[in-house]
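Here, residue 1 is the first one in the sequence, and each next residue gets the next number.
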Amino acid sequence: MSKLEKSTFTGVEGPVLTIVMDGVGLTAEGETNAVSRAYMPNLKSIMAKYPMVKLKAHGTAVGLPSDDDMGNSEVGHNALGSGQVFAQGAKLVSQSIESGKMFASDAWQEIVGNVTKNNSTLHFLGLFSDGNVHSHIDHLKAMLSQAKKDGVSSVRIHILLDGRDVGETSALEYVNPFEDFLASLRDDKFDIKIASGGGRMQITMDRYEANWGMVELGWKTHVLGEGRQFASAAEAIETYRAETKVIDQDLPPFVIAENGKPVGTVEDGDSVVFYNFRGDRAIEISKTFEAGADFDKFDRVRVPAVTYAGMLEYDGDLHIPSRYLVNPPEITNTMGEYLADSGVAQYAISETQKYGHVTYFWNGNRSGKFSDELETYVEIPSDIVPFEQRPWMQCALITDELIETLKSGKYPCLRVNFPNGDMVGHTGSLAATICSLEAMDLQLGRILSVVDELKGVALITADHGNADEMAELDKKTKAPKLNKDGSFKAKTSHTLNPVPLIIYDNFYADAYTVKEDAGAFGLSNVAATAVNLLGYKAPSMWDESVITLK
């Protein structure tokens, strides 16, 4: 049992509430900065009045390979909840490939051995970009090259178009060079082709069981080969763009066919690798491949007997999938575990889109609770509509539930995620994102008045940037890039900007000093700050608190 040690400060009388404003970063004001343009009197007032430090939320500060790598909600919540920095998915996979461990693993040998024994097809399915948030195309290329070396004779690739972690209409920038790469591998003994695809927000990559219809459509496309047929992925992309006028993430599914027949359905005896390393949007398709006859989410029509593997184990407690190529990081000594062992009741709430972040990812990629008695998790169901059409999302309903819980006095430590700035920011709609942030700000006002009423403290932060840059910027001038029609070229990915940590405290500020903001703090410094305010010393393995108790 790992208990927290009491400090000389007895702790705040009321609750300590951590508010995660998902996707709200800090950068210079500008016409495409939704955070600065939104009317948010509550947030902007407390930024001016209360102590605030800037936190790094990307790159090595959250365990990613380099500081060119944008942060994401998963690694961000890992750092927030664990108080530490662990090597994360992309870095783990890259290291495993470079060292050769992946290809020496039992999982890879089983995947390859199955198709060489059966003279069958090896399928790769995943997000097709170098966004490095869910996947990286270089990992796919390395596996394809190794498959040829290992004697695989037939490979099919099923591509999920990005336009979210990379440029919104960048798909052909990946597809065209990739076709050249495949041509360089292809010979009489190695048959390799793209077989199907579609936008990531249309098929396959649902998360938190918000919309199983996406997974069903993906299954029909990749496995059954059902859908509109094209001669190539480039033809599908160009045709759909002309017809639908949507960005890559929203392009409809397509099937590559020759002579009217799909080139790459999944059949008995095949092997399938889902090559995303991030877990949230990988779990449902993995369940669909591995579930037995009791699967009830949709009619799979035909369930091929395959050898299936994920890039990582996407859920360590439920062991999904049963076979994976790279061992995930072992995240230990999290704040949730320490608080539970110390008898401190905790409460976590968000809507479906980010519920797993304040629970599973916050707890170090762990399903379930550390203590059923001391922990309560609440999920507010998300709407199944495009986020730009309802940009306020469920922030008011989250706040209703949170306020009731705060007033109950049952929980000294609480956390909440408002997804608005991230989920709406990903749509690329500046107007909708501004609206989403203004809706969130109204809820901040409601919540903070209750925190004051209860003599509590709020730590207001974010997990990464997004809404702070809603247009692609010129690298030299930093001016927004423009489309041919003069409109801004929308940016739908995360940013490399820092995020705020505001200490909203009207009662206890004389008990501590806030350390000088020298640019060294990251998301992992929040956990120690929170337990200090609860009246405990932070464990030695955690990164330091941003406050010094007097």
Side-chain angles (χ1 to χ4, degrees), residues 74 89 122-129 131 133-137 139-140 156-166 171 174-175 194-228 230 233 236-237 240 244 246-256 262-266 270-291 295 297-304 306 308-312 314-315 320-321 324 352-353 356 382 384 386 423 426 492:
E74 289 66 37
L122 173 53
H123 299 263
F124 290 92
L125 167 61
L127 186 63
F128 189 70
S129 79
V133 174
H134 290 268
S135 66
H136 199 294
I137 197 170
H139 298 159
L140 173 62
R156 295 293 182 265
I157 304 110
H158 308 267
I159 61 174
L160 300 169
L161 305 177
D162 195 342
R164 192 173 175 93
D165 299 324
V166 294
Y174 298 99
V175 168
I194 295 175
S196 71
R200 60 179 282 181
M201 296 305 289
Q202 291 297 308
I203 64 171
T204 311
M205 281 178 56
D206 182 45
R207 66 177 174 190
Y208 309 144
E209 304 195 13
N211 184 6
W212 272 98
M214 286 175 59
V215 186
E216 179 178 12
L217 191 55
W219 181 267
K220 289 179 177 178
T221 304
H222 313 308
V223 176
L224 306 181
E226 296 179 0
R228 187 172 173 181
F230 296 89
I237 293 164
Y240 279 146
T244 66
V246 299
I247 60 178
D248 293 345
Q249 61 180 314
D250 294 320
L251 287 171
F254 57 85
V255 173
I256 308 304
V263 302
T265 56
V266 181
D270 288 352
S271 291
V272 178
V273 173
F274 193 79
Y275 63 83
N276 286 17
F277 48 73
R278 178 168 138 182
D280 58 342
R281 295 190 184 274
I283 289 176
E284 288 170 56
I285 189 64
S286 297
K287 285 182 177 179
T288 307
F289 270 105
E290 293 198 327
F295 182 81
K297 303 303 181 182
F298 59 86
D299 182 3
R300 291 176 290 179
V301 182
R302 176 176 64 83
V303 185
V306 301
Y308 180 86
M311 183 65 89
L312 294 169
Y314 302 127
D315 189 319
I320 300 171
Y324 47 93
T352 305
Q353 288 296 332
S382 290
I384 305 177
M423 300 310 297
H426 276 310
T492 54

(request) Evaluate the ring planes of His139 and His136, with Trp represented by its six-membered ring, and classify them as parallel (under 30°), tilted (30 to 60°) or perpendicular (over 60°). (result) tilted

(request) Measure the CG-CE distance between Asp162 and Met201 for me, rounded to the nearest 0.5 Å. (result) 11.0 Å

(request) Sequence neighbours left out, what passes ring-ring contact (aromatic ring centres under 6.0 Å, His included) with His134? Give chain and number order. (result) none

(request) Check for a donor-acceptor pair, side chain of Arg302 on one end and backbone N or O of Val223 on the other, with a separation under 3.5 Å. (result) yes

(request) Could you give me the CA-CA distance, side-chain angles and deciding distance for Tyr174 and Val166, then say whether side chain to side chain contact (heavy atoms under 4.5 Å, CB included) is met? (result) CA-CA 11 Å; Tyr174 298 99; Val166 294; 3.3 Å; yes

(request) Look at the side chain of Trp212 and the backbone N and O of Phe298, then say whether any donor-acceptor pair between them is shorter than 3.5 Å. (result) no

(message) Distance check, rounded to the nearest 0.5 Å: Tyr314 atom OH versus Phe277 atom CZ?
(response) 10.0 Å

(message) Within this structure, what is the CZ-CD1 distance for the pair Phe289 and Ile320, rounded to the nearest 0.5 Å?
(response) 14.5 Å

(message) Which heavy atom of Pro321 sits nearest to which heavy atom of Leu312, and what is that distance?
(response) CD-O, 3.5 Å

(request) Using atom types as modelled and distance alone, determine if a side-chain donor or acceptor of Thr492 lies under 3.5 Å from a backbone N or O of Gly163. (result) yes

(message) Nearest 0.5 angstrom please: Ile237 CD1 to Leu161 CG, how far?
(response) 5.0 Å

(request) Identify the two heavy atoms, one from Val246 and one from Leu251, that lie closest to each other, and give their separation to 0.1 Å. (result) CG2-CD2, 3.8 Å

(request) Please name all residues satisfying ring-ring contact (aromatic ring centres under 6.0 Å, His included) with His158, sequence neighbours left out, ordered by chain then number. (result) His123, His222

(request) Please report the shortest heavy-atom distance between Ile256 and Ala233, naming the atom on each side. (result) CD1-N, 3.4 Å

(message) Could you tell me if the side chain of Phe128 sits less than 4.5 Å from the side chain of Val175, heavy atoms only?
(response) yes

(request) Taking all heavy atoms of Ser135 and all of Asn276, pick out the closest pair and write down the distance. (result) CB-OD1, 3.7 Å

(message) Please find the pair of heavy atoms, one from Ala195 and one from Gly264, that lie closest to each other, and give the distance.
(response) CB-CA, 3.7 Å

(request) Drop me the distance from Asp206's CG to Ile283's CD1, to the nearest 0.5 angstrom. (result) 11.0 Å

(message) Main chain of Arg207, side chain of Asp280: is a donor-acceptor contact present, judged purely on distance under 3.5 Å?
(response) no

(message) With heavy-atom distances below 4.5 Å as the criterion, would you say the side chains of Glu284 and Glu209 are in contact?
(response) yes

(request) First locate atom OH of Tyr275, then atom CD1 of Ile157, and finally report the distance between them rounded to the nearest 0.5 Å. (result) 8.5 Å

(request) Could you check whether the rings of Phe254 and Tyr240 sit parallel, tilted or perpendicular, using 30° and 60° as the cut-offs? (result) tilted

(message) Donor-acceptor pair, distance only, cut-off 3.5 Å: does the side chain of Arg200 make one with the backbone of Leu127?
(response) no

(request) Could you tell me which non-hydrogen atom of Gly197 sits nearest to which non-hydrogen atom of Ile203, and how far apart they are? (result) O-CD1, 3.7 Å

(request) Decide yes or no for Asp250 and Gln202: does some side-chain heavy atom of the first lie under 4.5 Å from some side-chain heavy atom of the second? (result) yes

(message) Is the shortest side-chain heavy-atom distance between Leu224 and Thr265 below 4.5 Å?
(response) no

(request) List the steps and the verdict of side chain to side chain contact (heavy atoms under 4.5 Å, CB included) for Asp248 and Arg164. (result) CA-CA 8 Å; Asp248 293 345; Arg164 192 173 175 93; over 6 Å; no

